[in-house]
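Keep in mind it's a predicted model, so treat the numbers as computed, not measured. So that the names make sense, note that chain A is the first sequence line, chain B the second, and so on, each numbered from 1. When reading the values below, keep in mind they use all heavy atoms of this one structure, side chains included, and skip hydrogens, waters and symmetry mates.
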Protein chains: 2
Amino acid sequence: MDNSGGFTEPHRHGACGHHVPGDDCRFCSIRRLSVCSALDQDELSFLEGMAGDSVFEEKSTLFREEDESISVYNVTSGVIRLVRSLPDGRRQITGFALPGDFLGLALQKQWKFSAEAVTDVKACRFKRSTFDDFSEQKPHLMKRMHEFATHELSLAQDHMVLLGRLTAEEKIASFLVLMKRRWTRVEGHELGLIRLPMGRQDIADYLGLTIETVSRVINQMQRDRKLVIVPDGIRFIDAAYFEQHAIA
Amino acid sequence: MDNSGGFTEPHRHGACGHHVPGDDCRFCSIRRLSVCSALDQDELSFLEGMAGDSVFEEKSTLFREEDESISVYNVTSGVIRLVRSLPDGRRQITGFALPGDFLGLALQKQWKFSAEAVTDVKACRFKRSTFDDFSEQKPHLMKRMHEFATHELSLAQDHMVLLGRLTAEEKIASFLVLMKRRWTRVEGHELGLIRLPMGRQDIADYLGLTIETVSRVINQMQRDRKLVIVPDGIRFIDAAYFEQHAIA
DNA sequence: GCGCTACTTTGATTTGCATCAATGCCGTCG
DNA sequence: CGACGGCATTGATGCAAATCAAAGTAGCGC
């Protein structure tokens, strides 16, 4: 499959990601998904005033696990992998951040994971100290961040079940169903295509498998006519099969 | 090893768990560890007024994943396993709750996991709606709960690395080091003994292994003189070995 | 004390996935 | 164009942990 740059920006009305005169948060296409949805117009304007705009190109690193977290981010477009690495090079991807996701929920100075741009990425950037002060003043924003955190926690528990107890086939099926759900939410409507902007190695590191196993299982599914591999992702043929085998 | 009931209650000054006249939160031995440490004297008194006292005996179920979460809990003594189950009986234990831990961080009506008492358990119980209203009024309590949630999230990420990328030996070593750290924190001082009130099956379900593998690895470590198995837990002989092999 | 029950340990064997090793497939750039 | 570099795929083999199968141990009630 081809992953090299073939991922086109799905947000054309995005504004949060463009803090240039004329653009503003009111037209941000992912606001409904983001922490910002907790804010009223005045608060949004205030927050917009302290927002910066970040662009990261494919394969670049937003931050490393050992870095101090000076900024927090609201992803507006693109995909980011969140990585925990072991000293000997083993990696576990703990999640993929999609548009609407927030990086920096933890109120700590240090990141606990690395963030690497899988595609070109745009994000609203806030100075951590400023954002923290603001959320300290706005209980409903703090509450919204807490909701985000507990939602993440629930996803993390799903992920633990997947890593600890599913077979390779179940892991792949669950991953594909999850990606389908997440893209549908981001894009606001269902696409036949399930976008897989990340490479096979990233999928393997997310699922606790090797790249060879990921490749074998997906290609076997194609041979069994459960799905077709297409540029930039896959397409379900036998959706019922996936509903059956995906867990969580 | 014997796990049947051999776990003695470590908190003798506990008060949060005993809302009878004369006892109160001021003497709660795990308050420093709990969400309550965010509260001042007045708030503590108010919260105490709305607290109930729960006792669960060994092997009993606090709640199931499908249950509505009517109450939230502050564990004051004992150990609870947090379980996600699959339809076919496979289980993943996502964590063990120890004294000071809070159950009910999520602001949702439904639990996403079951909680089962590994030992006899005592907990402060609060009506969810009342507790939520209170935390809505008290930004520093909300903030404290958010800190708890993001800390849990970080632990969950450690757990994902363990499940996805560690060998059986590394999983066991990491688990034992984690339990040592957690008990030391709860008890306020280091014990030679690392308490393992949970059975081998629970350890296996926490680590994504089978009971046979857990038993084999621990017994091999004993044969290799890395540790000794004692009633209610284990004792490190070669602490350096564990520092070496434990990850996260 | 004896037998029951629940849990743990140990051994033999199997197996799912990893590892090792090519080969294939593009896209890119000299 | 043709060679190169970076994935992805495919095949052969190995091995860590699962599974299958007993046997051991300890607490408990009678």
Side-chain angles (χ1 to χ4, degrees), chain A residues 1-7 58-59 81 88-92 116 118-119 162-173 175 196-224 227-234 245, chain B residues 1-8 57-59 81 88-92 116 118-119 162-173 175 196-224 227-234 245:
Chain A
M1 194 199 311
D2 166 32
N3 291 302
S4 53
F7 178 63
E58 199 183 318
K59 296 182 207 311
R81 60 172 174 256
D88 64 1
R90 282 176 288 178
R91 302 194 320 162
Q92 177 65 45
E116 301 165 4
V118 171
T119 65
L162 178 146
L163 291 168
R165 290 302 185 213
L166 300 196
T167 64
E169 187 187 2
E170 290 170 323
K171 286 177 176 182
I172 299 279
F175 173 69
L196 299 178
M198 66 295 291
R200 294 287 185 263
Q201 186 62 60
D202 285 345
I203 299 177
D205 287 338
Y206 180 83
L207 298 176
L209 297 171
T210 58
I211 186 174
E212 293 94 331
T213 299
V214 170
S215 180
R216 265 185 255 277
V217 172
I218 293 183
N219 283 281
Q220 187 57 50
M221 284 172 170
Q222 178 162 242
R223 263 173 252 123
D224 295 344
L227 54 73
V228 275
I229 300 171
V230 294
D232 292 337
I234 65 102
H245 287 74
Chain B
M1 195 200 311
D2 163 32
N3 291 303
S4 51
F7 179 61
T8 47
E57 67 174 27
E58 199 182 317
K59 296 182 205 312
R81 59 173 176 254
D88 65 1
R90 283 176 287 178
R91 302 194 318 163
Q92 177 65 46
E116 302 166 1
V118 171
T119 64
L162 178 147
L163 290 168
R165 290 303 184 210
L166 300 197
T167 64
E169 187 187 4
E170 291 170 324
K171 285 178 177 182
I172 299 279
F175 173 70
L196 299 177
M198 67 294 291
R200 294 288 186 263
Q201 185 62 60
D202 285 345
I203 298 177
D205 287 339
Y206 180 83
L207 298 176
L209 297 171
T210 59
I211 186 172
E212 294 95 329
T213 299
V214 170
S215 181
R216 265 185 256 277
V217 172
I218 294 183
N219 284 280
Q220 187 57 49
M221 284 172 171
Q222 177 161 245
R223 263 173 254 120
D224 296 342
L227 56 72
V228 276
I229 300 170
V230 295
D232 292 339
I234 63 101
H245 286 74

Engineer: What is the distance, to the nearest angstrom, from the CG atom on B:D205 to the P atom on C:dT8?
Structural biologist: 12 Å
Engineer: Is a side-chain donor or acceptor of B:Q92 paired with a backbone partner of A:L162 at a separation under 3.5 angstrom?
Structural biologist: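 No, because the side chain of B:Q92 does not come within donor-acceptor range (under 3.5 Å) of the backbone of A:L162.
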Engineer: Tabulate protein N/O versus nucleotide N/O from nucleotides 20-24 of chain C, keeping only pairs under 3.5 Å, one per line.
Structural biologist:
from: C:dC20; atom 1: N4; to: A:E212; atom 2: OE2; distance (Å): 3.0

Engineer: Provide, to the nearest angstrom, the distance between the CZ atom belonging to B:R165 and the C1' atom belonging to C:dC17.
Structural biologist: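 For the pair B:R165 CZ and C:dC17 C1', the rounded distance is 11 Å.
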Engineer: Choose from D:dC7, C:dC17, D:dA17 the nucleotide whose nearest atom is closest to any side-chain atom of A:K59.
Structural biologist: D:dC7
Engineer: Measure the distance from CD on B:E58 to P on C:dA6 and round it to the nearest whole Å.
Structural biologist: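 Distance, rounded to whole Å: 14 Å.
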Engineer: Is the shortest side-chain heavy-atom distance between A:D232 and A:L196 below 4.5 Å?
Structural biologist: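 Not touching, per the 4.5 Å side-chain cut-off.
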Engineer: Would you kindly give the CD-to-P distance between B:E169 and D:dA16, to the nearest whole Å?
Structural biologist: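 Rounded to whole Å, this separation is 11 Å.
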Engineer: Stepwise, does the side chain to side chain contact (heavy atoms under 4.5 Å, CB included) test hold for B:R90 with A:L166?
Structural biologist: CA-CA 9 Å; B:R90 283 176 287 178; A:L166 300 196; 4.1 Å; yes
Engineer: In whole Å, I'd like the distance from the CE atom of B:M221 to the P atom of C:dT8.
Structural biologist: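 Between P of C:dT8 and CE of B:M221: 17 Å.
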Engineer: Looking at C:dT8, D:dA18, C:dT19, which one has an atom nearest to any side-chain atom of A:T210?
Structural biologist: C:dT19
Engineer: Could you tell me whether the phosphate oxygens of D:dA17, OP1 or OP2, come under 4.0 Å of any side-chain nitrogen or oxygen in B:T213?
Structural biologist: no
Engineer: With sequence neighbours excluded, give me every salt bridge (Lys or Arg N to Asp or Glu O under 4.0 Å) pair touching residues 202-218 of chain A.
Structural biologist: A:R81-A:D202, A:R91-A:D202, A:R91-A:D205, A:D205-B:R165
Engineer: Respond yes when some side-chain nitrogen or oxygen of B:N219 is under 4.0 Å from OP1 or OP2 of C:dT10, and no when none is.
Structural biologist: yes
Engineer: Kindly write out the residues that satisfy side chain to side chain donor-acceptor pair (under 3.5 Å) with B:E57, not counting sequence neighbours, or none if the list is empty.
Structural biologist: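 So B:E57 forms no side chain to side chain donor-acceptor pair (under 3.5 Å) with any residue.
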Engineer: Between D:dT25 atom C1' and B:R200 atom CZ, what is the distance in whole Å?
Structural biologist: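 The answer, rounded to whole Å, is 13 Å.
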Engineer: Look only at the side chain of A:E170 and the backbone of A:H245, and say whether a donor-acceptor pair between them is shorter than 3.5 Å.
Structural biologist: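 No, A:E170 side chain to A:H245 backbone: no donor-acceptor pair under 3.5 Å.
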Engineer: Would you call A:R223 and A:N219 a side-chain contact if the rule is heavy atoms closer than 4.5 Å?
Structural biologist: yes
Engineer: Is B:R223 close enough to C:dT10 that one of its side-chain N or O atoms is under 4.0 Å from OP1 or OP2 there?
Structural biologist: yes
Engineer: Please report, rounded to the nearest Å, how far the P atom of D:dA8 is from the CD1 atom of A:I203.
Structural biologist: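 So the two atoms are 8 Å apart, to the nearest Å.
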Engineer: Round to the nearest Å and state the distance from A:E170 atom CD to C:dG16 atom C1'.
Structural biologist: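 After rounding, the gap between these two atoms is 13 Å.
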